[in-house]
Visitor: 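Before anything else, here's the structure in question.
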Amino acid sequence: MFVHFLANETYMTVLLEIRRRFRQALATVCDAPDEFTGLIGPAQDPRFGDYQANVAMPLAKRLAQPPRKIADALVAAVQLDDLCHPPEIAGPGFINLRLRDDWVVQRLGQAARDPRLGVDPVNNPRTFVVDFSSPNVAKPMHVGHIRSTVIGDALAKTLRFVGHRVITDNHLGDWGTQFGMIIFGYKHLRNDDAYRRNPIEHLSSLYRWVRQAIDWQQAKQQAAAREEPPKIDPVAKALAERVENIEEAVLAETAKLHAGDSENLQLWREFLPACRADIQCIYQRLDIQFDHELGESFYHNRLPHIVEDLRRRGLARESEGALCVFLDGFETPMIVQKKDGAFLYSTSDLATIEYRMTHWQPDVVLYVVDHRQHEHFEKLFAAARVWGYDRVDLRHISFGTVLGEDGRPFKTRSGDTVGLEELLDEAEQRAMTVLQQVAEERESPLNAAQQALIARVVGIGALKYADLSQNRQTDYKFSFSKMLELKGNTATYLQYLYARVQGIYRKAGLNVEALRNAAVEFDLATDIERQLALGLLRFGEALDDVLLDYRPNILAQYLFDLAQTFFKFYNQCSVLQAETAALRQSRLQLCDLTARVVRQGLALLGIDVVDQM
RNA sequence: GCCCUCGUAGCUCAGAUGGAUAGAGCAACGGAUUUCUAAUCCGUCGGUCGCAGGUUCGAGUCCUGCCGAGGGUGCCA
């Protein structure tokens, strides 16, 4: 079995330093100190100090002694005086810690001088494959597709930043039934002029028509069950009335493609580049790149070999005409070859595992995919283990469904959801509207090019942040106004912070490089400055917490908390007009470090910043 | 039928491994700008954490039952 990856045992954050000290003290009172260090964390409430250790109560049970007595013993044994004030014991046995300002100032100076902002690279780098986005090409992308894309991208960037080797792979659906639909549509409905003028647009239309025709025929079969007939385009309706059982015909076209039929293969080769170029437009606007884009078609000719291997090893056997892998703990088998001889996505997923293990030797593979495929992945991983890949950590990073305004899942098939292009356009448009309102009151107006850039960065940032700031497990209701919100807990708030700090530099005519190279002497003159300092030192802890369970929303939450603290500080404390030159220097450094942490944190979420807003 | 999620403020959502008085944002209302960009800040209002039991020093969090919503479930992906 693989060794479970504990991100929080890699670099020395403040928290890990405290835990390390406590571990030694814990060893003097019990023989399993590691079971308890996890109970040491940031204080829940500032009144209790900066960090707290909630270890005495559970220990009391184990040692059959009063918790306060154990807390006393731990406080006596723990060696913390260089970083903390004397610990205080409260309530049933909480141990409250308050960091010494001189130590905080010293750590802060280190972070400020460090291009990595005080986050040390992991000392046990591992190789991760992150499989995300993976849309079906040739099918219009809609709002449901951005979740996998932005979450996967953020996780890949975060893993890379903390020092792991990361390989991103976009496992495109480029070999499936949707091509059967397009081929079928092309053969029956194509308009050569329209196709020449704009291939991808025409192919999309063909897809939609065929899809609608199939849905319409199915609805008609189930007849009176639903009174409301599905929405249908006249072209699709004509097709549905002219050709019987389109679904079967589509599957036949798909089967011919897979069997190597020269006409269909030729059409597939012709369509694919246009389809790929089309989704690249989206990735370009989202500023997302992949190391590899090995789609299903890449694995197609390996599938017979996979199935043969499974059969030879006795892992797969025939049942009800299909070739199946039966797995312990599952009622239904994983089917790897249909009775008509065709392969399934299970088969190509196994082929993908084999390829990645052979060529990339990952320690961990993350599949950033909708939670509805949970059971599929459980089976896939179980099958991979019995197949021999039992030392790699295969993980389904599942996320919730994007629901329509009515609270029901979008129908991914019918295509009448909000398209992704439309969403991106709207995002930039809304950002531009706000920008123009705000800019009217500004002394130094921005030119058109600046405005366009800002609108793009702010609009796309809002969109990504709306997804990333939410716990990935929960379903969420899509709404333009929520996704494109530009105030409150949004990317805009964080981008605004960055822009404000740059504004200070401009106002003061400051050379930022000179500021950073100057001797750093922080002065935590007020409570709010101290609070900001502590927040800045927690960047690494936030990244640890993100990677503990692959939750980017923890980073978003951290950044928002930090920004709130910053804005309080900023409203309370004058930077350029500070009472003394030393305090002014300290505050400039606080602003600078905050801006750098925010910029870096946003970058890990795939979100950019601008100097002015 | 079986399996898996989810139910927290008017709305949208945070609350990992059980910890001190359950938090944000939005909306609503009231304030702050001769001074670093008001996309900001401060304040007020807002809760039977679906319901009922249980476990224990302590439960939004764990267990059982019920109600409600969604998803998956042998030849789509």
Side-chain angles (χ1 to χ4, degrees), chain A residues 38-39 43-45 47-48 52 54 57-58 60-61 67 90-94 96 134 136 173 176-178 251 254 296 319-324 330-340 342 344-346 348-349 369-376 378 398 400-401 403 407-409 412-413 431 434-435 437-439 441-444 458 466 469-471 473-477 479 481-482 485-490 492-493 495-497 499-508 545 548-549 551 553-554 556-557 560-561 563-564 567-568 570-577 587 591 612-613:
Chain A
L39 299 172
Q44 309 269 334
D45 188 309
R47 281 173 304 133
F48 304 140
Q52 63 182 110
N54 301 342
M57 289 80 79
K61 198 167 289 181
F94 298 105
N96 294 331
S134 309
N136 283 325
T177 316
Q178 80 272 24
L251 287 177
T254 312
E296 289 172 341
S319 165
E320 296 176 30
L323 201 65
C324 301
F330 294 92
E331 285 199 5
T332 56
M334 186 173 84
I335 298 174
V336 293
Q337 188 170 23
K338 302 200 296 188
K339 62 184 163 199
D340 68 2
L344 297 101
Y345 73 137
S346 301
S348 84
D349 279 353
V369 181
D370 196 306
H371 78 272
R372 284 174 293 190
Q373 294 192 39
H374 181 72
E375 204 173 333
H376 162 68
E378 287 204 320
S398 71
T401 314
L403 308 173
R408 304 188 67 89
T412 55
R413 289 154 47 129
V434 173
L435 180 59
Q437 283 166 8
V438 161
E441 297 153 20
R442 296 283 163 79
E443 304 161 357
S444 49
V458 169
S469 59
Q470 188 133 12
N471 184 326
Q473 310 255 32
T474 34
D475 294 348
Y476 76 85
K477 225 177 271 184
S479 95
S481 51
K482 190 193 158 201
E485 185 64 73
L486 300 177
K487 53 187 175 176
N489 184 358
T490 61
T492 314
Y493 185 75
Q495 290 165 326
Y496 187 58
L497 181 158
R500 291 297 292 267
V501 172
Q502 308 312 303
I504 294 178
Y505 303 154
R506 276 194 301 275
K507 186 83 173 187
D545 288 345
L548 218 46
D549 198 25
R551 293 175 187 277
N553 69 303
I554 291 176
Q557 184 64 51
F560 181 64
D561 287 345
Q564 278 190 314
F567 275 119
K568 280 177 196 166
Y570 180 85
N571 273 274
Q572 248 169 261
C573 303
S574 181
V575 177
L576 296 177
Q577 312 295 324
R587 286 181 178 167
C591 289
Q612 293 182 70
M613 284 172 68

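Keep in mind that the numbers below use all heavy atoms, side chains included, and drop hydrogens, waters and symmetry copies. This structure is a prediction, so every number in the text was calculated from the model and none was measured. Here is the naming used below: chain letters follow the sequence lines, and residue numbers restart at 1 for every chain.
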Visitor: When we call it a touch if two heavy atoms are under 4.0 Å apart, what does L435(A) touch: a base, just sugar-phosphate, or nothing?
Guide: base
Visitor: Identify the pairs formed between an N or O of the protein and an N or O of nucleotides 33-37 of chain B at a distance under 3.5 Å, and give each distance.
Guide:
unit_1: C36(B); atom_1: O2; unit_2: L576(A); atom_2: N; d: 3.2
unit_1: C36(B); atom_1: N3; unit_2: V575(A); atom_2: N; d: 3.0
unit_1: C36(B); atom_1: N4; unit_2: Y570(A); atom_2: O; d: 2.5
unit_1: C36(B); atom_1: N4; unit_2: C573(A); atom_2: O; d: 2.6
unit_1: U37(B); atom_1: O2'; unit_2: Y496(A); atom_2: OH; d: 2.4
unit_1: U37(B); atom_1: O2'; unit_2: R500(A); atom_2: NH1; d: 2.8
unit_1: U37(B); atom_1: O2; unit_2: R442(A); atom_2: NE; d: 2.8
unit_1: U37(B); atom_1: O2; unit_2: R442(A); atom_2: NH1; d: 2.6
unit_1: U37(B); atom_1: O2; unit_2: R442(A); atom_2: NH2; d: 2.2
unit_1: U37(B); atom_1: N3; unit_2: R442(A); atom_2: NH1; d: 3.4
unit_1: U37(B); atom_1: N3; unit_2: M613(A); atom_2: O; d: 3.0
unit_1: U37(B); atom_1: O4; unit_2: M613(A); atom_2: N; d: 2.9

Visitor: For I335(A), which contact category applies under a 4.0 Å heavy-atom criterion: base, sugar-phosphate, or nothing?
Guide: base
Visitor: Using atom C1' in both nucleotides, what's the gap between C63(B) and G18(B) to the nearest angstrom?
Guide: 13 Å
Visitor: Using a 4.0 Å heavy-atom cut-off across all strands, classify F567(A) as base, sugar-phosphate, or nothing.
Guide: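 Answer is sugar-phosphate: F567(A) comes under 4.0 Å of backbone atoms only.
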Visitor: What one-letter contact string describes nucleotides 7-15 of chain B from 5' to 3', where B marks a base within less than 4.0 Å of any protein heavy atom, S marks contact via sugar-phosphate atoms alone, and - marks no contact?
Guide: -----SSSS
Visitor: Please identify each residue that fulfils side chain to side chain contact (heavy atoms under 4.5 Å, CB included) with Q502(A), with sequence neighbours left out.
Guide: Y498(A), Y505(A), R506(A), A595(A), D611(A)
Visitor: How far does the P atom of G60(B) sit from the matching atom of U17(B), given to the nearest Å?
Guide: 12 Å
Visitor: Report the relative orientation of the aromatic rings in Y496(A) and F567(A); use parallel for angles under 30°, tilted for 30 to 60°, perpendicular for over 60°.
Guide: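 The arrangement is parallel - the two ring planes meet at less than 30°.
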Visitor: Distance alone, cut at 3.5 Å: any donor-acceptor contact between the side chains of Q557(A) and D561(A)?
Guide: yes
Visitor: What interatomic distance, in whole Å, is found between C1' of A38(B) and the corresponding atom of G31(B)?
Guide: 13 Å
Visitor: Tell me what T177(A) touches on the nucleic acid: a base, only sugar-phosphate, or nothing, going by heavy atoms under 4.0 Å.
Guide: sugar-phosphate
Visitor: Which whole number of Å gives the distance between the P atom of A14(B) and that of C62(B)?
Guide: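 Between the two P atoms, the distance is 16 Å.
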Visitor: What nucleic acid atoms does G38(A) come within less than 4.0 Å of, heavy atoms only: base, sugar-phosphate, or nothing?
Guide: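 The residue G38(A) makes base contact.
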Visitor: Select base, sugar-phosphate, or nothing to describe what A342(A) touches, counting heavy atoms under 4.0 Å on all strands.
Guide: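 No contact at all - A342(A) keeps every heavy atom at 4.0 Å or more from the nucleic acid.
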Visitor: Look at the side chain of Q52(A) and decide which nucleotide, out of A39(B), A20(B), C75(B), has an atom nearest to it.
Guide: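 Of all the options, the side chain of Q52(A) is nearest to A20(B).
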Visitor: For F94(A) and A20(B), say yes or no: do the ring centres fall under 5.5 Å of each other while the ring planes differ by less than 30°?
Guide: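 It does: the ring sits over the base of A20(B).
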Visitor: What contact category does Q437(A) fall into here, base, sugar-phosphate, or nothing, at under 4.0 angstrom with non-hydrogen atoms?
Guide: nothing
Visitor: Does the base of U73(B) carry an N or O that pairs as donor and acceptor with the side chain of R372(A) under 3.5 Å?
Guide: no
Visitor: Dot-bracket for RNA chain B, 5' to 3', counting Watson-Crick or G-U wobble pairs under 3.5 Å, with [ ] for crossing pairs and | for inter-strand pairs?
Guide: (((((((..((((.....[...)))).(((((.......))))).....(((((..]....))))))))))))....
Visitor: Between the protein and nucleotides 54-59 of chain B, which nitrogen or oxygen pairs come in under 3.5 angstrom?
Guide:
none

Visitor: Want to settle it: does A563(A) or E320(A) sit nearer the 5' end of RNA chain B, counting the closest nucleotide to each?
Guide: A563(A)
Visitor: Answer with base, sugar-phosphate or nothing: what part of the nucleic acid does C591(A) contact at a heavy-atom distance below 4.0 Å?
Guide: nothing
Visitor: Can you tabulate the close N/O pairs, meaning under 3.5 Å, that link protein atoms to atoms of nucleotides 25-27 of chain B?
Guide:
unit_1: G25(B); atom_1: OP1; unit_2: Q564(A); atom_2: NE2; d: 3.3
unit_1: A27(B); atom_1: OP1; unit_2: K487(A); atom_2: NZ; d: 2.9

Visitor: Is a donor on one side and an acceptor on the other found under 3.5 Å between the side chain of R587(A) and the backbone of S574(A)?
Guide: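 Yes.
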Visitor: Taking the nucleotide of RNA chain B with the nearest heavy atom to each, does H371(A) or Q44(A) sit closer to the 5' end?
Guide: Q44(A)
Visitor: Regarding N96(A), tell me which of base, sugar-phosphate or nothing describes its non-hydrogen contacts under 4.0 Å with the strands shown.
Guide: base
Visitor: I'd like the P distance from G53(B) over to C45(B), given in whole Å.
Guide: 31 Å
Visitor: Would you classify Y493(A) as touching base, sugar-phosphate or nothing, given that sugar-phosphate means primed atoms plus P, OP1 and OP2, and contacts are heavy atoms under 4.0 Å?
Guide: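 Here Y493(A) touches the backbone only, sparing every base.
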Visitor: Suppose you measure atom C1' in A9(B) against the same atom in A28(B); what distance do you get, rounded to whole Å?
Guide: 13 Å
Visitor: If you measure from the C1' atom in C67(B) to the same atom in G10(B), how many Å do you get, rounded?
Guide: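 One C1' to the other, the span is 23 Å.
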Visitor: For nucleotides A20(B) and G15(B), find the distance between their C1' atoms and express it as a whole number of Å.
Guide: 16 Å
